[in-house]
Amino acid sequence: MLFRQLEYFVAVARERHFARAAESCYVSQPALSAAIAKLERELNVTLINRGHNYEGLTPEGERLVVWAKRILAEQDAFKAEVAAVQSGITGTLRLGAEPTASTTLALPVGAFCSAHPLAKVQVRSRLSTKELLRQISEFELDAVIAHLTPGDEEGLVVTPLYEERYMLLVSSDQLMPQTHTMTWAEASQLPLALLTPDMRIRQLIDGVFAQNGVVVTPQVETDSIASLYAHVGVGEWASIVPHSWLRAMPVIGRTRAVRLVEPDARAQVSVAIHAATPGSVAARAFVSAATGLALDDFFDQPLAAEHRVR
């Protein structure tokens with residue numbers, strides 16, 4: 001069995017099409033098909049249901065694709081480890097993040113790149129927590145930054161990064177004069193624009209409202225942070241965001257940020273990598289760089305006067 005055969009097999013499982021798989025592997029379709037057929041003979045099993053076209057994996061194929069991804073990930077990790085010994089960490093770190101973390105991940109990415117200038121980072125930042133967990137479990141990502149519950153942590157090494165608190169973004173026209181705080185119950189009465197229900201931060205917000213006996217139905221739902229800010233900016237809607245966002249996306253114009261109280265809700269944002277050992281040297285280095293930043297202390301520092309929370 002050769003690594004090349006496993007690469008071709010994983011490509012077919014991913015693309016669900018022989019020609020596209022061959023193209024992604026930069027080989028001819030006959031060469032790809034011959035390599036997979038040889039793999040099947042070596043294992044004495046049928047891995048792919050074939051008619052005139054790809055018709056899915058057999059049960060044996062479904063099991064092998066899991067092992068193949070793990071084997072290939074370990075091969076990549078070994079190559080990266082050897083390269084790191086010779087010339088430092090190189091290659092590309094595949095980082096996934098929830099939208100809620102996309103406004104703050106430049107800080108750990110910056111620390112990682114400063115420490116390892118030959119490395120590159122590829123960020124995917126519009127994925128739900130469920131999809132992030134799927135991709136890291138299947139070795140499609142090296143690290144993720146997200147809200148993670150104990151039930152999410154199987155097979156992962158999870159390290160806390162910082163704790164979020166929540167702010168109401170709202171037009172000054174909708175605020176009482178000199179308002180510095182607002183209760184969650186009061187916020188529920190405003191026309192809201194929130195992230196979509198598949199996002200973990202939205203689930204956290206809905207949970208806090210539920211603690212107050214309130215079910216909110218936002219008038220606007222979006223999967224884009226920029227769109228969220230834009231809707232608040234026109235003055236028609238309010239929104240609820242983590243306090244950490246205000247560093248990267250300060251409020252301007254008539255928009256104000258006020259602290260939500262009763263309760264003082266908080267949520268942990270963590271970085272996770274695969275628990276398989278030895279694992280990705282770049283992923284381990286990223287965790288080290290990220291946790292060395294003391295992000296809780298950073299986000300607790302006063303904002304510049306022009307961006308200060310009202």
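One is the number of the first residue; the rest follow in order along the sequence.
The neighbour count for R50 CZ, taken as heavy atoms of other residues, nucleotides or ligands under 6.0 Å away, is above 12. By the 6.0 Å contact criterion, CZ on R266 is enclosed, its count of non-hydrogen atoms from other residues, nucleotides or ligands being greater than 12. Under a cut-off of 6.0 angstrom, the local environment of CD in E221 is crowded, with over 12 non-hydrogen atoms contributed by other residues, nucleotides or ligands. The number of heavy-atom neighbours closer than 6.0 Å to CZ of R134, taken from other residues, nucleotides and ligands shown, is above 12.
None of L156, V144, V157, T159 except one satisfies the side-chain contact (heavy atoms from CB on, under 4.5 Å) rule with I273; the exception is V157.
Linking Ile, Leu, Val, Met, Phe, Trp and Tyr whenever their side-chain heavy atoms come within less than 4.5 Å leaves L141 and V271 in two separate clusters. Taken together through direct or relayed side-chain contacts under 4.5 Å among Ile, Leu, Val, Met, Phe, Trp and Tyr, Y229 and V258 form part of one hydrophobic cluster. Hydrophobic clustering, with ILVMFWY side chains joined whenever heavy atoms are under 4.5 angstrom apart, groups V214 together with V170. Placement of V232 and V220 in two distinct hydrophobic clusters is found when ILVMFWY residues are connected by side-chain heavy-atom separations under 4.5 Å, directly or transitively. No single ILVMFWY cluster, assembled from side-chain heavy atoms under 4.5 Å apart, contains both L168 and V234.
Note that CG of L169 and CG of L228 are 7.5 Å apart. Values are rounded to the nearest 0.5 Å. If you take CG on L43 and CZ on R41, they are separated by 11.0 Å, rounding to the nearest 0.5 Å. With values rounded to the nearest 0.5 angstrom, I205 atom CD1 is found 5.5 Å from L194 atom CG. Between the CG atom of L132 and the CG atom of L127 there is a distance of 5.0 Å, given to the nearest 0.5 Å. In this structure, N49 CG and E55 CD are separated by 6.5 Å, a value rounded to the nearest 0.5 Å. Between I71 atom CD1 and L64 atom CG the span is 7.0 Å, to the nearest 0.5 Å.
Using a 4.5 Å cut-off on side-chain heavy atoms (C-beta onward), P263 and Q211 make contact. Counting heavy atoms from C-beta outward, V10 and L72 have side chains that approach closer than 4.5 Å. Between I225 and S102, some side-chain heavy-atom pair lies under the 4.5 Å cut-off. Taking the side chain as every heavy atom from C-beta outward, L246 and M167 approach each other to under 4.5 Å. Residues P108 and L293 meet the side-chain proximity criterion, which asks for heavy atoms closer than 4.5 Å. Between L161 and S270 the shortest side-chain heavy-atom distance does not fall below 4.5 Å. Within the 4.5 Å cutoff, no side-chain heavy atoms of S171 are placed close to those of T255. Between I145 and L95 there is a side-chain heavy-atom pair separated by less than 4.5 Å.
Counting only N and O atoms by type, the side chains of H147 and E164 include a donor and acceptor under 3.5 Å apart. S128 and E98 are not linked by any side-chain donor-acceptor pair at a separation below 3.5 angstrom, with hydrogens and angles left out of the test. Between the side chains of R94 and Q135, no donor-acceptor pair of N or O atoms lies under 3.5 Å.
When every heavy atom of Q268 is checked against every heavy atom of P160, the shortest pair comes out as NE2-CB, 3.5 Å. Between E163 and D296, the shortest heavy-atom contact is N-OD1, 2.8 Å. When all heavy atoms of L6 and A68 are compared, the pair lying nearest together is CD2-CB, 4.1 Å. The two residues T103 and T100 make their nearest non-hydrogen contact at OG1-O, 3.7 Å. Taking each heavy atom of Y8 and A31 in turn, the nearest pair found is CE1-O, 4.4 Å. Between L204 and A267, the shortest heavy-atom contact is CD1-CB, 3.7 Å.
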May I have the step-by-step check of side-chain contact (heavy atoms from CB on, under 4.5 Å) for Q203 and M199, ending in yes or no? CA-CA 7 Å; Q203 296 162 16; M199 299 299 176; over 6 Å; no

Trace of the side-chain contact (heavy atoms from CB on, under 4.5 Å) decision for L190 with M182: CA-CA 11 Å; L190 296 171; M182 182 177 288; 4.0 Å; yes

Test side chain to side chain donor-acceptor pair (under 3.5 Å) on Y162 and T104 and set out the steps. CA-CA 10 Å; Y162 60 92; T104 58; 2.9 Å; yes

Step by step, work out the side-chain contact (heavy atoms from CB on, under 4.5 Å) result for I48 and V12. CA-CA 9 Å; I48 299 173; V12 171; 3.8 Å; yes

Determine, step by step, whether D206 and V216 satisfy the side-chain contact (heavy atoms from CB on, under 4.5 Å) criterion, reporting the C-alpha distance in whole Å, the side-chain angles of both residues, the deciding distance to 0.1 Å, and the verdict. CA-CA 7 Å; D206 287 348; V216 296; 3.9 Å; yes

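In this structure a side-chain-to-backbone donor-acceptor pair under 3.5 Å is present from N212 to V208. Remark: the backbone N or O of R20 is paired with a side-chain donor or acceptor of H17 at under 3.5 angstrom. With hydrogens and angles disregarded, a donor-acceptor distance shorter than 3.5 Å links the side chain of D152 to the backbone of T149. Distance alone, capped at 3.5 Å, is enough to place a donor-acceptor pair between the T222 side chain and the S224 backbone.
Using cut-offs of 30° and 60° for the angle between ring planes, the H231 and W237 rings count as perpendicular.
Under a 4.0 Å N-O distance rule, the pair E138/K69 qualifies as a salt bridge. R165 has a carboxylate O that lies under 4.0 Å from a charged side-chain N of D300, or vice versa, which qualifies the two as a salt bridge.
Taking the ring centroids of H243 and Y166, they lie at or beyond the 6.0 Å cut-off.
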